[in-house]
Visitor: 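One structure, pasted below without further comment.
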Amino acid sequence: MRSSRTMTLPVTTSTSGGLPWRHILLAALGVLVVAFAFSANGYVVTVIGFAAIYALFCTGLNFFMGFTGQASFGQNAFAALGGYGSAILTADYGFEPAIALILTMAFSGVVALVVGYPTLRLRGHYLAMATFALGLITYEISINWTDVTQGYMGYSGIPPLGIGPYYADTPKQQLAVILILLALGVLAAAALKNSRFGRACRAIAGSELAAGALGIPVARYKLVSFVIAALYASAAGSLFAHFVGFISPEVFGTAMVVQSFTMLYLGGIGTIAGPLIGAVVVSLLPELMRGLKDYQTIGYLVILLGILIYAPKGVAGLLDRLLPKREG
Amino acid sequence: MSRRTMSIAAAAALALTLAVPVAHAADVYKIGAAVGLTGYAATTDRGWRDGLEIAADYLNEKGGIDGHKIELVVEDNKSDPQQAVVAYQKMMANDQVQIFASGCVSAGNFAAAGAVARANIPMVLCSILPRRDNEIHWAFSFLPPPIYELEARMQYLKDHTDIRKVGVLNDPTPYAMLMAKLADPAAKKYGIEIVAHETYQQDDSDMSVQIGRIKAAGATALIKIGIGGSTVTIAKNVNQLGLKDMLLMAGLDDAAPYLQAGQVLGDHFMFAATTVQIPEAVPAGPAREALDAFLTRWKAKYGDRDGSAASRAWDAMMVIAKAVETAHSTDGAKVRDALEQVSHYQGAAALYEFSPQQHVGVVKNPFVIGEVKDGKLVQVK
């Protein structure tokens, strides 16, 4: 039986009737993008690097919004915690970037736990507003707590990713590290999605009442899902800080929320591939439109609208239509 | 065309657009500009871009720089640091620009400064300098030090009024924050006390609360620090609150908001003016000649539009030209070295003195205090 909220439910691919063409196609596209990035110049590396960081962020957000069916407009708060945490620990206190990344992830997880416990008792629009407020509060703190964040002046001198004597000194090395972490993040999300916990989250997305009736601890699982999304967001924020070497409040502002939602819905919410596709498309499209100069944003938005009109379930949903799964 | 063919064509276009570097001819000198054509810095940075364009046209008419025609590559950074990094990378990798003359989005320039320095490309900026030594080494600022605007206002208060208690109201942009930090020492120097510090966001539509606090602290003048339409909003709020004895002193802004604020507050509104805003304040001599050289071309193309940011861009381009001619080379390191040798250069906006120790070119206060009279900006007598 299908729930009325099938948009947020995952699409399970059956491979029993033949080759998993969608997976093969997506893997081939992924290999092409990566090969393209490593054979191209610094500009492409930068664009693909940002796309990969956003893909990681959206993979976490997808867990909370896509798989668990909850709304969060405030994940940028955890990206800010990750970014500023890594910046402060590495630039001011000499921590190894890898250690700083892990420590800030742990800190973000604890914050998500503390904040999420009361917040996730809310539902629907109220939850959306509460999480949005969380993002806004963090943004204001990052602007005004200048002794720690340096406000709009930004934080510079953040070292590249690395540990011990091994540092990703060049942009391509940094991209390689980001892509490895992204791959790990996606594999972890895929494993979690198909685990007992993941199936419970998907049941919550379908109906919290029904999930509760089945014995699923709804509040606890929602909280865990929120913490998982926060861990991903924190890692993305840290990676951004190390990749660019500079952060300022604008990086983690409401634009990040809009950008990540666009990626999530355009790529296909509730799917593993969706956030990856969305991040790549939304990152590359504006660059393709650069030649339009003053009309760049208009061109970009027209194409986005076109995609959403003709692929309302995102590009991943479109692939489902073009390459339907085979039943065994 | 089939869907598949279209997809392949789109992928090919993507690869070509992103990956193919544009080779530049030996007789072309490519100058890149990362500017905030959209976002909070749009007013200033559009002026900066237009100033670069008329300067490039002027120099190209004269044969270019040291025999090289100038090619200007402009990219919108959307007043956002992440977009600025992408814009800079695009101009370095694809357009292969040889020098940057970028706009006033400080955070954007800071974010890209490390990569630009590693590529040995000099950057002249409308913004303040980045903060790390290796980045400052390659960067040159054409923005007057923030203290100058403040000192012009404080000096006026000391010399021409009995106001000794003021409040500061600033936005949180890097330049405004730097100025706000400097306000206390600047005020003390002129025997003035800052009794309240308040901030606002660029998109705030009402600052009555902050103004009320400043008034309650005993201030009779309000030192406003920030850009955009906020000056007009503050003027309206002061008027609405009926603060008849409050003097609003603005700075950093364009002529348009000054004119509007002047219409609201009359002689209770003053501002730290650039020489471009009130050319009559510059006496005859080399400074006036340099200013007129810019204004003649600016007014021919843009009429009465405020050319303050554009005049700095014009000066930046002329200083680049001087450096390239001195170096007899377009090599990044040699041009950088030559930029450090540009001293006592009289530009349209200011006198510039660069040296190995001095990468902020403006070392003499160019500001005068202005007011609005009969719909025009004039110097306060």
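Convention: sequence-line order gives letters A, B, ...; per-chain numbering from 1. Heavy-atom basis, side chains included; hydrogens, waters and symmetry copies ignored. Here the structure is a predicted model, which is why all the values come from computation and not from measurement.
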Visitor: Only pairs at least two apart or in different chains count here, so list each ring pair (Phe, Tyr, Trp, His ring centres under 6.0 Å) that has a residue in residues 88-131 of chain B.
Guide: B:Y88-B:F100
Visitor: Which one wins on heavy-atom pair count under 4.5 Å against chain B: A:G154, A:G42, A:S39?
Guide: A:G42
Visitor: Mind checking which of residues 111-134 of chain B sit less than 4.5 Å from chain A, heavy atom to heavy atom?
Guide: B:A111, B:I128, B:R131, B:R132
Visitor: Among the options A:G157, A:G151, A:G49, A:P171, pick out the one with the most heavy-atom pairs lying under 4.5 Å from chain B.
Guide: A:G157
Visitor: Report the relative orientation of the aromatic rings in A:F261 and A:F73; use parallel for angles under 30°, tilted for 30 to 60°, perpendicular for over 60°.
Guide: tilted
Visitor: Mind jotting down which residue pairs meet the side chain to side chain donor-acceptor pair (under 3.5 Å) criterion with at least one end in residues 296-311 of chain A? Sequence neighbours excluded, please.
Guide: A:Q296-B:K78
Visitor: At a 4.5 Å cut-off on heavy atoms, which part of B:P172 comes close to chain A: side chain, backbone, both, or neither?
Guide: both
Visitor: Do any side-chain atoms of residues 247-257 of chain A form donor-acceptor pairs under 3.5 angstrom with protein atoms, and if so which ones, sequence neighbours left out?
Guide:
from, atom 1, to, atom 2, distance (Å)
A:S248, OG, A:E250, OE1, 2.6

Visitor: I'd like to know if B:K90 and A:E287 make a salt bridge, using a cut-off of under 4.0 Å between side-chain N and carboxylate O.
Guide: no
Visitor: Would you mind telling me which of B:V85, B:T38, B:L178, B:D76 has the largest number of heavy-atom pairs within less than 4.5 Å of chain A?
Guide: B:V85
Visitor: Measure distances from A:Y152 to the heavy atoms of chain B and classify the residue's part below 4.5 Å as side chain, backbone, both or neither.
Guide: both
Visitor: Are a donor atom and an acceptor atom from the side chains of B:Y200 and B:S230 found within less than 3.5 Å of each other?
Guide: yes
Visitor: I'd like to know if the side chain of B:T231 pairs up with that of B:D253 as donor and acceptor (distance under 3.5 Å, no hydrogens or angles considered).
Guide: yes
Visitor: Is a side-chain donor-acceptor pair under 3.5 Å present for A:Y43 with B:D95?
Guide: no
